[in-house]
Amino acid sequence: MYKKQDFHRSLWLFTVVEVYMKVFKIEKAGWEKGICRLAESYALFGPVREQDFHLFKPLKNGRRPDIPAQNTRMSVKDVLYPQSQPMFDYSLDKTDEDHHQLKDVPWDETPRAVIGLRPCDADAMTLVGRNFVAEDIEDPYWVRSLAATTLVGYACDNPCPVCFCTSAGSGPYHDASLDLLLADSDGAILAQAVTAKGKKLLAAAGWDAAEDDSLAETIAARKKAAEAKVRAHVTTDKLAGHDTIALYNAGFWEDVAFSCINCGTCTFLCPTCWCFDIQDETHGAKGRRMRNWDSCMFPLFTLHGSGHNPRGRKVQRVRQRFMHKLKYYVDTYENGIQCVGCGRCVMHCPVNIDIRRVIGLMNELDPDAEACDI
Ligand code: SF4
Ligand code: SF4
């Protein structure tokens with residue numbers, strides 16, 4: 001039965017959708033002015049070029065986001081989940097008043113905005129968040145970082161040949177994980193708020209002046225054209241149904257891993273890899289506990305204190321990377337694969353190991369094929 005509150009809910013949803021689906025046009029001068037305004041109330045981050053590649057950095061001292069034609073080499077992950085994160089300080093010096101106490105490292109609470117990440121990177125942050133926020137426990141560093149950050153995406157009109165986002169739960173105009181979507185249009189920029197945070201940023205920048213209903217059609221047409229340019233696709237429909245042990249013992253792992261040099265490039269560039277190690281940096285009796293990105297491709301990652309290493313062989317580590325992304329994650333979260341199809345690991349692996357091929361092998365696993373014992 002249709003209830004009154006359902007009517008109110010649909011009315012509310014309609015109003016929200018109407019507000020957020022508005023499209024605004026930002027001319028070049030307005031863009032420049034808006035970035036200056038935003039710098040007054042947000043700590044800004046954006047893609048910048050360093051040597052021959054782009055990565056995300058604070059936009060200080062008048063630095064502007066430099067949106068590359070294709071995706072940045074380093075993802076946005078470092079902004080929300082830093083490669084090295086101080087957790088707390090301590091002192092074992094008994095002459096210190098607060099010795100043997102864990103002290104929070106000061107945290108800058110200024111609201112932050114990342115300007116110009118690609119939609120696939122934003123979707124990757126949703127995946128990483130599933131690891132850091134569970135039903136019974138939350139990672140405080142991730143939670144405060146995400147809460148303080150507004151994600152301003154830049155639609156991708158030139159997907160790389162290695163991108164396969166549209167078949168990995170994302171897409172060049174996918175806005176599900178963004179607060180605000182920007183898109184190029186004939187020398188101007190179009191802006192569409194997705195969340196309240198995005199709407200607030202639009203207003204703070206003064207970018208919400210020139211509304212034009214017809215621009216929604218422009219965005220829809222550009223989205224269609226961009227999606228058509230994504231040439232690579234993967235099929236993942238059978239992964240959840242496969243027996244885990246059968247995949248684990250599949251005969252193709254030695255072949256997949258043969259050329260890997262365990263450099264870790266794939267995991268460090270991947271926006272969805274979340275593994276870390278915790279280490280103490282000590283100076284005399286004082287110390288700081290750090291959380292640093294780690295990689296399942298490194299032998300030390302699983303080395304036990306006893307000297308035993310359950311993944312001592314390269315092939316075991318390569319299998320772990322793919323089993324985690326394409327089977328354990330799939331079964332645990334029931335939300336697709338732990339990959340948004342950004343293509344970075346395909347483009348930058350020095351020995352051309354291609355996750356698209358591995359997805360094919362895993363998805364099409366023949367249950368009667370010869371198993372291996374690695
Ligand atoms: S980037 Fe390639 S060679 Fe390096 S660890 Fe990853 S799969 Fe192996
Ligand atoms: S596994 Fe490769 S293609 Fe998928 S999100 Fe990570 S880097 Fe991108």
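In listed order, ligands and their atoms are each counted from 1.
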| Pairs involving residues 239-259, ordered by first then second residue, that meet side chain to side chain donor-acceptor pair (under 3.5 Å) (sequence neighbours left out) | Tyr248-Arg319, Glu254-Arg313, Asp255-Arg357
Note the single closest protein heavy atom to [atom], along with its residue, its atom name and the distance in Å.
atom	answer
atom 8 (Fe) of ligand 1	Cys260 SG, 2.3 Å
atom 5 (S) of ligand 2	Val340 N, 3.4 Å
atom 7 (S) of ligand 1	Ile353 CD1, 3.8 Å
atom 2 (Fe) of ligand 1	Cys349 SG, 2.3 Å
atom 4 (Fe) of ligand 1	Cys263 SG, 2.2 Å

Atoms in ligand 1 with a heavy atom of [X] nearer than 4.0 Å:
X	result
Thr265	1 (S)
Pro350	1 (S)
Val351	3 (S)
Asn262	5 (S), 8 (Fe)

| query | When you look at CD1 of Ile137, are more than 12 heavy atoms from neighbouring residues, nucleotides or ligands closer to it than 6.0 Å? | reply |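 No, the 6.0 Å shell around CD1 holds no more than 12 heavy atoms from other groups.
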Decide whether [X] and [Y] meet the rule of one side-chain donor and one side-chain acceptor closer than 3.5 Å.
X	Y	value
Asp93	Ser91	no
Thr218	Ser185	no
Thr236	Asn363	no
Asp237	Thr235	no

| query | What residues, two or more places apart in sequence or in another chain, satisfy salt bridge (charged side-chain N to carboxylate O under 4.0 Å, His left out) together with Arg49? | reply | none
| query | Which atoms of the protein, restricted to N, O or S, are nearer than 2.8 Å to atom 2 (Fe) of ligand 2? | reply | Cys345 SG
| field | Pairing residues for Tyr329 by the ring pair (Phe, Tyr, Trp, His ring centres under 6.0 Å) criterion, not counting sequence neighbours | value |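 Ring pair (Phe, Tyr, Trp, His ring centres under 6.0 Å) list for Tyr329, sorted by chain: Tyr333.
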| message | Check for me whether Arg321 meets the cation-pi criterion with Phe301, that is, NZ or CZ under 6.0 Å from the six-membered ring centre and within 45 degrees of the ring axis. | response |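 No, cation not above the ring by the 6.0 Å, 45° rule.
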| query | Any Lys/Arg nitrogen of Asp121 or Arg344 sitting under 4.0 Å from an Asp/Glu carboxylate oxygen of the other? | reply | yes
| said: I need the contact type for Ile261 against ligand 1. Using non-hydrogen atoms and a strict under-4.0 Å cut-off, is it side chain, backbone, both or neither? | reply: both
| field | Numbered atoms and elements of ligand 2 in range of Phe164, under 4.0 angstrom, heavy atoms | value |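 In order of numbering, the contacting atoms are 3 (S).
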| field | Ligand-residue contact atoms, ligand 2 with Lys325, heavy atoms, under 4.0 Å | value |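 It comes down to these atoms of ligand 2: 1 (S).
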| Between Val234 and Tyr328, is there a shared hydrophobic cluster once you connect ILVMFWY residues whose side-chain heavy atoms come closer than 4.5 Å? |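 Yes: a chain of side-chain contacts under 4.5 Å links Val234 to Tyr328.
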| request: Hey, can you tell me if Trp293 and Tyr81 have their rings parallel, tilted or perpendicular (30° and 60° cut-offs)? | output: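 Plane angle between 30° and 60°, so tilted.
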